[in-house]
Amino acid sequence: MTPITHRLRLLISAVVIVTCASALVFGGARGVAATGATVSITVQTMDSCKQALDGAGYSLSGGSLGAPITATSTATGKGSVATGACPLQQGNCATFHIGCLTLAGVPVPGVYRMHVVTTPPANVANPQGYAACQGGSACQREEATITVAANGSVQATVTNVYPDGFVLTTPAGGGFAGSAADPIVFHLFGLGAGSCDGDGDSDDHLTGSPSTHCGYPEAQEASACQPYPWSCAFDTGTTTTTTGGTTSTGSTTSSSTTSSTTTTSSTTTSTSTAPGGVTTTSSGTTSTSTAAPAACVSQATITWPWRATGSDSRTKHVRTVAAGALSATLSATGTTSMRIGIQDANGQTLVSRSGTHGSVTVTVPSLPADSSVFVVESLSFANTTTKSSYTLAVTHC
């Protein structure tokens, strides 16, 4: 073999090696892109002030998730996180582990929502358990909006609607990083025997002194979710689940969905020293479940029959189970005007329609699984002195 031939073969071999290496590198890059990067998001549960609470569960939905990610802790510890004004704005899961959960495998980038699906258990200080939001026993809802950037950074805020409609967004003037050092903080109101307005209904299960926002509007109580307005936060379409049992909401025609779930569990034990030298130890199992996308194999119809004098307006919260259409129908006789609409969780109107009598129907043809929407209706009757009947029916997956 001549030196030239030998050098030529070496050069060809080198080119082949470089080409193969490049194929491996770029093939690997395609594999990463196909799989997608993910981040973990940490959340901490507190009471209405600054006591961290174990035992809560959360659902994360949105982004490119096919179905919600859920995480629940069975631990029962509690303890003060830090000093400061109530409700405490920032949490701590780096050196203080009570009330902390981490949801892993969140795709990057994306915009997500998180809400409570399980409240902590009752205790001596809060004999009726906890509400799934802040501000009183008839608080309306609490939800985190989470933005995950392309670089994996997290920016989150928590919006809480008090019983009278007052809205509090935390943290003030910024956002949570969703990390152990700066977890997303949810505040859950402890339930007891205290009274807000003295009539013994849903806003009269307080602990501590009544706030100026503790009263739920009396005119809306008949149409509110039962046993509390926030019970709809747990609604999966046909039932409302609260700590201690299940309560039916409206008249329902049941639906069914099919999905598969992968669950991982881990047992943790944490010891924390609260201000004042009190040491609290808690342990429990945290499970994270990622379900396959729920298919809309059938629909559920929820019907609310009501009566009103002169005119009436109501808002119903509905959360979808699977991806699909949602329609709402307002039916009445003897009306001079009727209007019905569907709003998203941010209060933006998706669709609305008006009429004068009979029935009015609006439809959103496609909603993702675990969508949170509000059906808003109003109507006026020709007879303004006698109570008249009307019906709202919502059909969805």
Side-chain angles (χ1 to χ4, degrees), residues 59-63 65-70 111-117 132 140-141 143 161 220 223-226 229-242 246-259 261 291-306 313-332 338-355 359-379 390-397:
S59 175
L60 181 76
S61 60
L65 290 174
I69 297 175
T70 61
V111 178
Y112 301 90
R113 295 185 297 109
M114 181 186 290
H115 65 278
V116 176
V117 292
Q140 298 186 39
R141 62 187 174 93
E143 189 172 69
V161 182
Q220 298 179 26
S223 62
C225 285
Q226 301 298 325
W230 50 264
S231 297
C232 276
F234 297 154
D235 193 3
T236 58
T238 57
T239 59
T240 296
T241 304
T242 62
T246 301
T247 303
S248 296
T249 304
S251 308
T252 66
T253 301
S254 63
S255 66
S256 60
T257 58
T258 302
S259 62
T261 303
C296 182
V297 296
S298 62
Q299 293 188 318
T301 299
I302 307 174
T303 303
W304 293 275
W306 288 321
S313 61
R314 300 173 189 264
T315 301
K316 292 299 295 185
H317 175 270
V318 179
R319 189 180 293 276
T320 63
V321 177
L326 183 146
S327 64
T329 300
L330 181 62
S331 303
M338 303 172 64
R339 183 175 181 84
I340 186 170
I342 299 175
Q343 297 178 349
D344 63 17
N346 297 317
Q348 298 297 313
T349 299
L350 303 176
V351 61
S352 65
R353 186 181 176 188
S354 300
S359 65
V360 179
T361 299
V362 291
T363 300
V364 178
S366 180
L367 285 173
D370 197 39
S371 293
S372 179
V373 298
F374 297 87
V375 180
V376 182
E377 53 86 355
S378 63
L379 73 175
Y390 71 100
T391 300
L392 174 67
V394 178
T395 301
H396 64 92
C397 294

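- The nearest pair of heavy atoms linking Ala328 to Val394 is CB-CG2, 4.1 Å.
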Verdict with supporting geometry, Ser231 and Gln226, side-chain contact (heavy atoms from CB on, under 4.5 Å): CA-CA 6 Å; Ser231 297; Gln226 301 298 325; over 6 Å; no

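- Atom CD of Glu377 sits about 7.0 Å away from atom CD1 of Ile340, to the nearest 0.5 Å.
- Although no hydrogens or angles enter the test, the distance criterion places no donor-acceptor pair under 3.5 Å between the side chain of Lys316 and the main chain of Ala393.
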Pair Val373-Leu367, side-chain contact (heavy atoms from CB on, under 4.5 Å): steps then yes or no: CA-CA 10 Å; Val373 298; Leu367 285 173; 4.1 Å; yes

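- Side-chain atoms of Val318 and His396, non-hydrogen and from C-beta on, do get closer than 4.5 Å to each other.
- Annotation for Ser331 and Thr329: closest pair OG-CG2, 3.6 Å, computed over non-hydrogen atoms.
- To the nearest 0.5 Å, atoms CE (Met114) and OG1 (Thr70) are separated by 11.0 Å.
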Criterion side-chain contact (heavy atoms from CB on, under 4.5 Å) on Tyr112 and Leu65, from CA distance to verdict: CA-CA 9 Å; Tyr112 301 90; Leu65 290 174; 3.9 Å; yes

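- Atom OG1 of residue Thr303 and atom CG of residue Leu392 lie 8.0 Å apart, to the nearest 0.5 angstrom.
- Contact between Thr363 and Val351 at its shortest, heavy atoms only, is O-CG1, 4.0 Å.
- Pairing each heavy atom of Phe374 with each of Asp344, the nearest pair is CD1-O, 3.8 Å.
- Every residue two or more places apart in sequence or in another chain was checked for a salt bridge (charged side-chain N to carboxylate O under 4.0 Å, His left out) with Arg339, and none qualifies.
- One distance of note links OG of Ser359 with CE of Met338; it measures 6.5 Å at 0.5 Å rounding.
- To the nearest 0.5 angstrom, Leu330 atom CG is 5.5 Å from Leu379 atom CG.
- Distance CG/Leu350 to OG/Ser371: 9.0 Å, rounded to 0.5 Å.
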